[in-house]
Protein chains: 4
Amino acid sequence: MALNSDLQTRINEVVERIVRGEIDFHKVDELLEGNATVVARRLALERLTGTSLPNIGSTVIDYDEIKNRNAENVIGAVQVPLGIVGPLEVRGDYAKGRFYVPLATTEGALIASVNRGAKAVTVSGGARVKIVFDGMTRAPVFALDNIDEVVRFLEWVSSNFQEIKRVAESTTSHGKLVKIEPFVLGNNVWLRMVYETGDAMGMNMATIASEAVCDFIESNFPQARCVAVSGNMCSDKKQSAVNVLHGRGKTVVAEVLVPHEVVTKVLKSDSQLIHEVNLRKNWLGGARAGTIYQFNAHFANIVAAIFLATGQDMAQVVESSMGYTWTEVRENGLYIGVTLTSLEVGTVGGGTRLPTQREALSIMGVYGSGNPPGTNAKKFAEIVAATVLAGELNLLAALANRELGRAHKRLGRAVKV
Amino acid sequence: MALNSDLQTRINEVVERIVRGEIDFHKVDELLEGNATVVARRLALERLTGTSLPNIGSTVIDYDEIKNRNAENVIGAVQVPLGIVGPLEVRGDYAKGRFYVPLATTEGALIASVNRGAKAVTVSGGARVKIVFDGMTRAPVFALDNIDEVVRFLEWVSSNFQEIKRVAESTTSHGKLVKIEPFVLGNNVWLRMVYETGDAMGMNMATIASEAVCDFIESNFPQARCVAVSGNMCSDKKQSAVNVLHGRGKTVVAEVLVPHEVVTKVLKSDSQLIHEVNLRKNWLGGARAGTIYQFNAHFANIVAAIFLATGQDMAQVVESSMGYTWTEVRENGLYIGVTLTSLEVGTVGGGTRLPTQREALSIMGVYGSGNPPGTNAKKFAEIVAATVLAGELNLLAALANRELGRAHKRLGRAVKV
Amino acid sequence: MALNSDLQTRINEVVERIVRGEIDFHKVDELLEGNATVVARRLALERLTGTSLPNIGSTVIDYDEIKNRNAENVIGAVQVPLGIVGPLEVRGDYAKGRFYVPLATTEGALIASVNRGAKAVTVSGGARVKIVFDGMTRAPVFALDNIDEVVRFLEWVSSNFQEIKRVAESTTSHGKLVKIEPFVLGNNVWLRMVYETGDAMGMNMATIASEAVCDFIESNFPQARCVAVSGNMCSDKKQSAVNVLHGRGKTVVAEVLVPHEVVTKVLKSDSQLIHEVNLRKNWLGGARAGTIYQFNAHFANIVAAIFLATGQDMAQVVESSMGYTWTEVRENGLYIGVTLTSLEVGTVGGGTRLPTQREALSIMGVYGSGNPPGTNAKKFAEIVAATVLAGELNLLAALANRELGRAHKRLGRAVKV
Amino acid sequence: MALNSDLQTRINEVVERIVRGEIDFHKVDELLEGNATVVARRLALERLTGTSLPNIGSTVIDYDEIKNRNAENVIGAVQVPLGIVGPLEVRGDYAKGRFYVPLATTEGALIASVNRGAKAVTVSGGARVKIVFDGMTRAPVFALDNIDEVVRFLEWVSSNFQEIKRVAESTTSHGKLVKIEPFVLGNNVWLRMVYETGDAMGMNMATIASEAVCDFIESNFPQARCVAVSGNMCSDKKQSAVNVLHGRGKTVVAEVLVPHEVVTKVLKSDSQLIHEVNLRKNWLGGARAGTIYQFNAHFANIVAAIFLATGQDMAQVVESSMGYTWTEVRENGLYIGVTLTSLEVGTVGGGTRLPTQREALSIMGVYGSGNPPGTNAKKFAEIVAATVLAGELNLLAALANRELGRAHKRLGRAVKV
């Protein structure tokens, strides 16, 4: 990045002040503009830590595009390899046809593994996918004096739902408050508010709307004190029973019936062995370990790689990886179905607008708002679930074939460590 | 990237063949070399999907460096903003002094939030950190005919531990098999093998060693059939009770006693209110929701952002986010301690060698092998835990202050969505 | 029991045939009448096992009253000491006033412990109690071919609810089918049917009604195959998230504000210490142990003792013991609230009609059907929750006082074991 | 019970004083002797509640035998029908041969159901049973100032184990402290102490020994403050991950290979159908419901009925019901294995000495101390596990056969409710 000398001088001054401890990193935004702030912070950090950070400084991201949106104290960017899986045939209600799916990862063998699964799914006629729930949640926690007040509060919320809905929706142009699920523990009450959020993942929308609801409640039912706008029954960035049972984001099922000859030829495996691995590993092993919400082999790998490629919230990999893999050996093939209970994705907002992420979404034809709203996010969710299905199918086969370590040895690293 | 015309021609031919469906993406590695394969795949994908992917193509990653290590079917890279938090005073056994911590995220307000927490921790004298467990695990599942065989197998494993250890360690130059934890369910047995893996996160090392053990067992105790080298009691990329109770990766505690005036001045908050938020949100809310392994506010946010910045396995955010936040209002301040039961990090291997990730690690002085081995990963783990502490402290304060939505409104996005 | 010689002869013949292995125990019901069958089985068992069972044979239970209702192959009865707790002041919506509560147990110190808690509750003005959910559930599991059929099935169930309700209710004179909660996992569907069951605990009623629904479904939507009338999402005699979140039986909260001087004088304890024990033991200890559904000290003790005294289903102690104990140190006293999520009790049916159990229920004025129906079971549930509150309060105080072992040493056993 | 007139007069005086509220129920022990106290309390209670309690008063229990051991404020006894199951062939390491098993229950059809299962097990050659863990636990929770102290404490405990063991064992003539499992959460430490307790269930023994350890620790490592002698990581009367993974009481596996013709002839069922019910109900249903520790059909029913018959602690049905049922359809039959992770039983102490319970234990030849100590409790545990196996096998068959509701309709109650 070539800089004119005046700007260079101003940057240098700022760098000096940071290094001398006179100003903090975030103060730089007040002293410089745009990418110059990024340069100044990076230079200062190099001085402070005795490092050289040219690669971090080499980025296509324009600071003005992310400032006040995606990150603070920015010094550059991190770059992660992006690979492609596909074609993957998807037979959803929104995603229909063959898709190429971008995966960002540093874990060798993952992309190749999912790709073989995608081939098996596709030659089997594709993944059928259904979304059975859609909604984003936020659950403030309220403290009341006693259980009598609690009961009165629950009744008040129920009879004032329309007014609460109006308050919540006044903060957003797209979000809709669909329902409120109340939970009680002694004198504590959680109101788990479920929102429709269109093509956005919707967490911020839900938070802002819920804060307005909290203010409204405290003004109109002052006996209920809002302790925190998030009371962990949302549950955001956490695995939880309420997310599994009620869903958060989208609950999606993807399935395929793989003819036995496809199992043999494409996966080099055996249907009965795959089924056995699923039972003893995912179900017995999961239960024995107390892996309560992930009776699956590696949903997390695929979810993380797609999330990273497409600008999703990486901390939501936690609950978006929850779910079950179920297999049946049938006369005409191996049935495999994956159920993701809480897949939280968006095609607008968050990191989706960033240069590379936007391109990654566009590869699947799901960047930006859908028409009607919400259809792009649903289409994307169906593709994600189908890709998870492919990844799950292949790993079970690879384990049945005892090829796991070998794959990592060959693809994951070249030398003995 | 300027290419000579001959190479350009060869690339074009490959692109045509991909587009016509004659070859798969992974076949390209056999037809072209190095970054030319990346170009060919990307060009073909653009053609196939009618997209333009210049930003994905703009990367500092050299394909030859990641091929057979980190990714397959590569078409370029994804870029994520990298911000800096600090200085953060850490008082660990390995990390001692003030550190700057790189966070990669697209979630507005996160870095600023952790940064304020870091300030509060630092002015309070820094975070005390202790690692109380260190070990990487792999747990194959074996099927036996009946419970008599199971008991014989357990005895055989116990009395042949030294031989098993020798077999496992023959596959690795650094890894050590420390112990084997057996679990039984009917006629199924899991051997949870615990390894020391030095500065590597160690999952691949553990997998390869465990495969050798499986082969050895099947040769020498053929009644035990290895169904899968990973039987989900590891538990990799999953939250589980066995990980929480026995640890996986590193179990780390970070804590600080924040003087009340620091709570007031730096966090603009109140110790008692913060404690109450911790109890009603993290503990009551967590329990009520069935958030079994995450009695915390947002470990996942900080873990994900550091993991992404430093080339860790993003799917391991799932279990690395498990843990507890505990607070006490004391006469002389607010005590807050975070316990991460299964923090899985490495400073060698995986994505740590990539250009930007390597730099990010070097900012903290933890890139590569430590001396003695393992000390760099431990130092890094201590910094991660201290940063989680900072993030947790600040979010609790922000919630107590009712500033969450406002922060997102201001920093997380500019317009009403 | 004096027998005429003819009957004695017939009994002897039957005994001989059992001992010779010619007939089974249950065959006796065809050869003898009433209590004579009990005598014959016991005499035969004495012969077969070389034992003497006079105490088991000494019972007030008339076999004709329990035959085909409560037990088979009966040889007599087991007797368990019954103690009394109270008076306990209860301020519920159904239970109002001072109650004496019968507890059957063999665990020394339990009754005395609950009794001291009851005194503390009563002198504090009594326990406020509220029932916030009431319903019994049964959840058959259905297998379908694929996810398309699953979605069609869910729609069919939803649009045929009134007809399903009619079918269910045709099997019972009291039960009402209130709603159906569907859950999906791949091609599997659970229909969790929620019933109002009046004063009965209602499990059998719900089972029979649900079987009729299964038959109806298989006739009218044959693509859904009922695999089992209970698919474990009920969840009967098991702790589960769905029971905790949705309730099963009755969800009840009981609370009291104990003035600090009552804590000091009656409980010989300290409010802050009790609160600390609750936090570190019930909440931190519970979470650390993975005690997912029982953040309490010993709900199970009180529930088991009342259940045994009153003829409840002892296997349902498992889920009826789930719940939370929450404490707050307030200016005017120690607040303690217990939340039982799934308290399954009845005052008609099951073991409630047995001679001693009927008397135990009558002590609390809750034997038989209420007017209107359901009010007796609700009143009973309130008393149970208030007693759990008393037991919980006292154990926390006892632990804070470090008097646990001493109490057991003094009351629980006389000698060193 | 005939009383002389003087005693009658004294009883009447005491009754009057209770009714007038002058004395409490427990005061009676100071004013009267033996069974007279029981009579006085019962008469007073009848007066206070306007009830008549002749059946409760009719008991074989002598108050002098249970006073200060099993119950307080005693007014009589509750009686529960006792039925017999068997013969059941058991092939354990301690229990060998055919056994008759007493079950106390008020749930119609249960005994008949288990009995049919016992027949199937027996004609299949009997249940193989193995105990793979044995130990009773108590886990005090300690609060320390900070994590440095925590680490020092853990080291101190480790290096002082022999002394701690001596202190613990000084309180008991039979118990042995086998090991201490430490767990950390911030500045909190649990020491889960594992004891061998011979033929006793051992909870009281472990409590008293652990209290001595707490006193010893506070004297010698005063920085560790014992908050409660039970910190819920024991975990007593609660289901928990630590109990499942480490065991509490006895971890027992019982299994049988049922020839397909036995499935057909005795169980009137089909091996494949039973396997399917096990998978879809116990495993999928259990996971979907969040039934974390009970992947079984109804362990709780059998455990509760045997516990009640034999004087076990009924609140421990909660964790003793945890476990897994696993089935395999093999060429030569249906394999079924049940794994009980935390079966807590004793043949001495607690309620085992009571008249009817003692007889019930003697039916199985397991009353009192074994020779060598511990063998009677182990033998009993094997019989319990085998009976659970029988009950589980039959219920799965009954569900596969769709006979559940019908059985309850026929055996569980005579009329429509």
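To find a chain, count down the sequence lines: A is the first, B the second, and so on, and within it residues start at 1.
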Quiz item: Does the C/Glu255 side chain pair with the main chain of A/Asn187, one donor and one acceptor, at a distance under 3.5 Å?
Solution: no
Quiz item: Salt bridge between A/Asp148 and C/Arg91, side-chain N to carboxylate O under 4.0 Å?
Solution: no
Quiz item: Looking at C/Val150, C/Asn188, C/Ile292, C/Leu245, which one has more heavy-atom pairs under 4.5 Å with chain A than the rest?
Solution: C/Leu245
Self-check item: C/Glu328 versus chain A, the contacting section by heavy-atom distance below 4.5 Å
Solution: side chain
Self-check item: Structural part of C/Val242 lying under 4.5 Å from a heavy atom of chain A
Solution: both
Quiz item: For C/Asp145, is it the side chain, the backbone, both or neither that has a heavy atom under 4.5 Å from a heavy atom of chain A?
Solution: both
Exercise. Kindly give the heavy-atom pair with the smallest separation between A/Leu185 and C/Trp283, and that separation in Å.
Key: CD1-CH2, 3.8 Å
Quiz item: Of all of A/Ala254, A/Gly337, A/Gly186, which one pairs up most often with chain C through heavy atoms under 4.5 Å apart?
Solution: A/Gly186
Quiz item: Got a second to check how far A/His246's NE2 is from C/His246's NE2, nearest 0.5 Å?
Solution: 2.5 Å
Exercise. Mind checking the NZ-CZ spacing from A/Lys130 to C/Arg152? Nearest 0.5 Å is all I need.
Key: 7.5 Å
Self-check item: Heavy-atom contact with chain A under 4.5 Å, split by part of C/Phe133
Solution: neither
Practice problem: Report the distance from atom OG1 of A/Thr339 to atom CZ of C/Phe183, rounding to the nearest 0.5 Å. | Solution: 13.5 Å
Quiz prompt | Among the listed options C/Thr325, C/Val184, C/Asn146, the residue most often paired with chain A at heavy-atom distances under 4.5 Å | solution = C/Asn146
